[in-house]
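Just so it is clear, the structure is predicted and the values come from calculations on it, not from any experiment. Convention: sequence-line order gives letters A, B, ...; per-chain numbering from 1.
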There are 2 protein chains.
Amino acid sequence: MPDDTLTISEMCAAFGVTPRALRFYESKELLFPIRQGQKRLFTKRDRARLKLILRGKRFGFSLEEIRQLLDLYHMGDSQLTQLSRTLDLARLHLADMEAQRAELDEAIAELKEQMDWGEKKLASLSKSGHAAA
Amino acid sequence: MPDDTLTISEMCAAFGVTPRALRFYESKELLFPIRQGQKRLFTKRDRARLKLILRGKRFGFSLEEIRQLLDLYHMGDSQLTQLSRTLDLARLHLADMEAQRAELDEAIAELKEQMDWGEKKLASLSKSGHAAA
DNA sequence: AGCCAAGATGACGTTAACGTCAACGTAACG
DNA sequence: CGTTACGTTGACGTTAACGTCATCTTGGCT
């Protein structure tokens, strides 16, 4: 491990994002790459955070929401009150995600049902209609 | 069942959306309320579609993606080719949702882990620090 | 007839999350 | 020493999904 840091383009390749996105996340204080001169170097911590950022996005959280959640994953120090607040926030997100999972299960079941119906229909159509133009 | 249709404000109350949103969905051809004069009347079909629309949004699908999926739920007629295409699309969405569920499970597990850690930390902090200002 | 509430129709504004230049810096290479 | 590759900082553009007016209309009271 020469330095355990990645340049911006390495970071982009590793996560499939654009440089613009990374700079944007930094401007919104979701990432804190260190600087060597003026160039950004992304640490292991940045990589962990980016992973969580992308995951959060997939679950429909805004960058601002994600930023607050990230604090939970990166505090070995913070204040008592702040920690308590962050935990409250985390509880909300957890509830949100569990509700989401329940609805997702339901949606998956319904979609499968519709697809079964569609495939049956497709089968009957291609049987009765295989003589048509 | 007087008519089995809802006015726009009834619809809004029932689903917690604004009139603007409903008109917007109609303009994007996700809903097709019938007209009595110039007023919109939302049918049972519109209600079913709106439910799916809101669900789709929660899972991060765009309105355009949702519009295409809605076809699957409302075709008793369509063409063979179209049906086949729609099923392909549905398969993609299904795969997407199942991947989403897997990642959601992982995310929930990780968040719980972090919260446990945070709560332990909180407990130890409030024990050692209960004498501080 | 007068009026109000509910609804319709544009048309422009807004926010989030980047995309897309343009202009500049700089380190290494031939 | 020129130029190519990679990077930086503004600054303005864009898309999705509505919000927010500013006018009309219309069916019902009174």
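- Nucleotide dA16(D) holds its P atom 11 Å from the CD atom of E65(B), rounded to whole Å.
- To the nearest angstrom, C1' of dT8(D) lies 17 Å from CD1 of I34(A).
- Here dT26(D) presents its P atom at 15 Å from CZ of R40(B), a figure rounded to the nearest Å.
- Using a 4.0 Å cut-off on heavy atoms, the residues of residues 16-29 of chain B that approach DNA chain D are T18(B), R20(B), A21(B), F24(B), Y25(B), listed by number.
- Applying the 4.0 Å criterion to OP1 and OP2 of dC6(D), one finds that T7(A) has every side-chain N and O outside that range.
- Both Q38(B) and F61(B) sit near DNA chain D, but only F61(B) has its closest nucleotide nearer the 5' end.
- The CG atom of L50(A) sits 10 Å away from the P atom of dC18(C) (whole-angstrom rounding).
- With hydrogens and angles disregarded, no donor-acceptor distance shorter than 3.5 Å links the side chain of R67(A) to the backbone of E29(A).
- In terms of modelled atom types and a separation under 3.5 Å, the side chain of D46(A) and the main chain of T43(A) share a donor-acceptor contact.
- A salt bridge links D4(B) with R47(B); the closest basic N to acidic carboxylate O contact falls under 4.0 Å.
- Atom P of nucleotide dA16(C) and atom CD1 of I66(A) are separated by 13 Å, given to the nearest angstrom.
- Counting only heavy atoms from C-beta outward, the side chains of L87(A) and E119(B) approach each other to under 4.5 Å.
- Considering only side-chain N and O atoms, K57(B) lies nowhere under 4.0 angstrom from the phosphate OP1 or OP2 of dA16(D).
- Regarding L31(A), its CG atom lies at a distance of 11 Å from the P atom of dC18(C), rounded to whole Å.
- Here the P atom of nucleotide dT25(D) and the CD atom of Q36(B) are 19 Å apart, to the nearest Å.
- Judged by distance alone, with hydrogens and angles left aside, the side-chain atoms of R40(A) form no donor-acceptor pair with the main-chain N or O of T7(A) at under 3.5 Å.
- The NZ-C1' distance, from K39(A) to dT26(C), rounds to 6 Å in whole Å.
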Pair M115(B)-H93(A), side-chain contact (heavy atoms from CB on, under 4.5 Å): steps then yes or no:
CA-CA 11 Å; M115(B) 289 176 62; H93(A) 276 274; over 6 Å; no
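- Put simply, R35(B) has a side-chain N or O that comes within less than 4.0 Å of OP1 or OP2 on dT9(C).
- Side-chain contact check for E110(A) versus R55(B): some heavy-atom pair is nearer than 4.5 Å.
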